[in-house]
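One structure is given below, encoded as structure tokens.
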Amino acid sequence: MKISKLFLCGALLLSLVACNHPDFIKVGESYQQVMDQLGFPDSETKMPDGTIRVVYSQQPMGPQVYAFIFGPDGNLIKKEQILKQKFFIDNIKKGVMDQQDIDRMFGRYCEKRPNALSDSYSYMYRYVEQGMPMALYVDFDNKTGKVIDWATTIDPWSIKGDGGDKGDS
């Protein structure tokens with residue numbers, strides 16, 4: 001009897017967790033339905049056309065960031081996993097964007113790394129491109145906060161398997 005109750009509780013918990021993932025949100029759902037299922041987003045931006053863009057980051061452990069666009073009527077009109085090379089090329093603007101723009105675009109990052117030699121810092125986002133674990137680095141100037149560069153590489157967490165290079169031997 002105890003085993004079946006334990007199994008039932010575990011199955012119930014698993015089903016509740018599975019429902020609270022951006023993949024299960026459908027176009028047409030209301031803003032409130034999404035908030036009820038996923039909680040508060042990492043960022044929310046009201047766009048000039050009356051739409052609202054919200055971002056849910058799965059970082060640091062999940063390699064996804066989801067952008068949701070809600071129409072002026074409050075219903076979801078578009079959902080996209082945005083951590084992919086084409087999105088970076090089309091949207092990250094060096095010298096124009098700053099840290100707040102990247103925060104709004106991608107939400108929570110995986111790591112923030114100082115670059116002492118260049119007086120800058122980087123945000124790292126983990127993602128998967130064509131089945132390969134990758135990392136996006138967005139570099140910011142310490143003084144202005146502007147994007148000075150961005151690059152992609154193999155995800156360092158996937159190489160060492162313990163959280164990447166943290167300066168230990």
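Just so we're clear, the structure is a prediction, and the values are computed from it rather than from any experiment.
- Looking at I69 and L76, their side chains never come closer than 4.5 Å, going by heavy atoms from C-beta outward.
- At most 12 non-hydrogen atoms from other residues, nucleotides or ligands lie less than 6.0 angstrom from CD of Q130.
- Hydrophobic clustering (side-chain heavy atoms under 4.5 Å, transitive across Ile, Leu, Val, Met, Phe, Trp, Tyr) groups Y125 together with M132.
- In this structure, R53 contributes its side chain and T45 its backbone to no donor-acceptor pair below 3.5 Å.
- Under a 3.5 Å cut-off, the side chain of Y56 and the backbone N or O of G39 do form a donor-acceptor pair.
- Within the 4.5 Å cutoff, the side chain of M105 has heavy atoms near those of the F87 side chain.
- In this structure, I102 and M97 have side chains that are in contact, with non-hydrogen atoms separated by less than 4.5 Å.
- Distance alone, capped at 3.5 Å, is enough to place a donor-acceptor pair between the K79 side chain and the P22 backbone.
- Here the side chain of E29 pairs a donor or acceptor atom with the backbone of K26 at under 3.5 angstrom.
- No donor-acceptor contact under 3.5 angstrom links the side chains of D98 and T144, judged on distance only.
- Under the 4.5 Å side-chain heavy-atom criterion for ILVMFWY residues, a single connected hydrophobic cluster contains both I25 and M35.
- Between the side chain of R126 and the main chain of M61, a donor-acceptor pair closer than 3.5 Å is present.
- Within the 4.5 Å cutoff, the side chain of E111 has no heavy atoms near those of the S122 side chain.
- Between the side chain of R108 and the backbone N or O of S57, at least one donor-acceptor pair lies under 3.5 Å.
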Review point. Checking side chain to side chain contact (heavy atoms under 4.5 Å, CB included) for the pair F106/I82: CA distance, chi angles, key distance, verdict?
Key: CA-CA 8 Å; F106 294 116; I82 61 174; 3.7 Å; yes

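- For E80, the salt bridge (Lys or Arg N to Asp or Glu O under 4.0 Å) partners two or more places apart in sequence, or in a different chain, are K78, K84.
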**Study point:** CA sep, side-chain torsions, deciding dist, call: I52, E44, side chain to side chain contact (heavy atoms under 4.5 Å, CB included)
**Key:** CA-CA 7 Å; I52 298 173; E44 180 173 313; 3.7 Å; yes

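- When side chains are defined from C-beta on, L38 counts as touching F68, because their heavy atoms get closer than 4.5 Å.
- For D90, the salt bridge (Lys or Arg N to Asp or Glu O under 4.0 Å) criterion is met by K86, not counting sequence neighbours.
- Taking the ring pair (Phe, Tyr, Trp, His ring centres under 6.0 Å) definition, one finds that F140 meets it with Y121, Y123, sequence neighbours left out.
- Linking ILVMFWY residues whenever their side-chain heavy atoms come closer than 4.5 Å, directly or via other members, leaves V147 and V96 in distinct clusters.
- From N142, atom CG reaches atom CD of Q99 across 10.0 Å, with rounding to the nearest 0.5 Å.
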**Study point:** Step-by-step side chain to side chain contact (heavy atoms under 4.5 Å, CB included) determination, I154 to I159
**Key:** CA-CA 8 Å; I154 294 174; I159 296 168; 3.9 Å; yes

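- The closest side-chain donor-acceptor pair between Q59 and Y127, if any, does not fall under 3.5 angstrom.
- A search for side-chain contact (heavy atoms from CB on, under 4.5 Å) contacts involving P133 returns D155, S158, not counting sequence neighbours.
- Counting only residues at least two apart or in different chains, salt bridge (Lys or Arg N to Asp or Glu O under 4.0 Å) contacts with residues 127-153 comprise K94-D149, D119-K143.
- A donor-acceptor pair shorter than 3.5 Å can be found between the side chains of S120 and N115.
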Practice item. Just do the side chain to side chain contact (heavy atoms under 4.5 Å, CB included) check on T152 and Q85 with the steps written out, would you? Key: CA-CA 8 Å; T152 61; Q85 189 80 21; 3.6 Å; yes

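- Other members of the cluster containing F40 do not exist, because no ILVMFWY side chain is joined to it at under 4.5 Å.
- Here the shortest heavy-atom pairing between K112 and P114 reads O-CD, 4.1 Å.
- Under the 4.5 Å side-chain heavy-atom criterion for grouping Ile, Leu, Val, Met, Phe, Trp and Tyr, I92 is connected to V65 within one hydrophobic cluster.
- With contacts defined as side-chain heavy-atom distances shorter than 4.5 Å, the pair F88/L83 qualifies.
- Scanning all heavy atoms of the two residues, the minimum distance from T51 to G71 falls at CG2-CA, 4.1 Å.
- Inter-residue side-chain proximity for S43 and V55 is flagged as met; some heavy-atom pair is nearer than 4.5 Å.
- Side-chain contact between Y66 and Q58 is present, with heavy atoms from C-beta onward closer than 4.5 Å.
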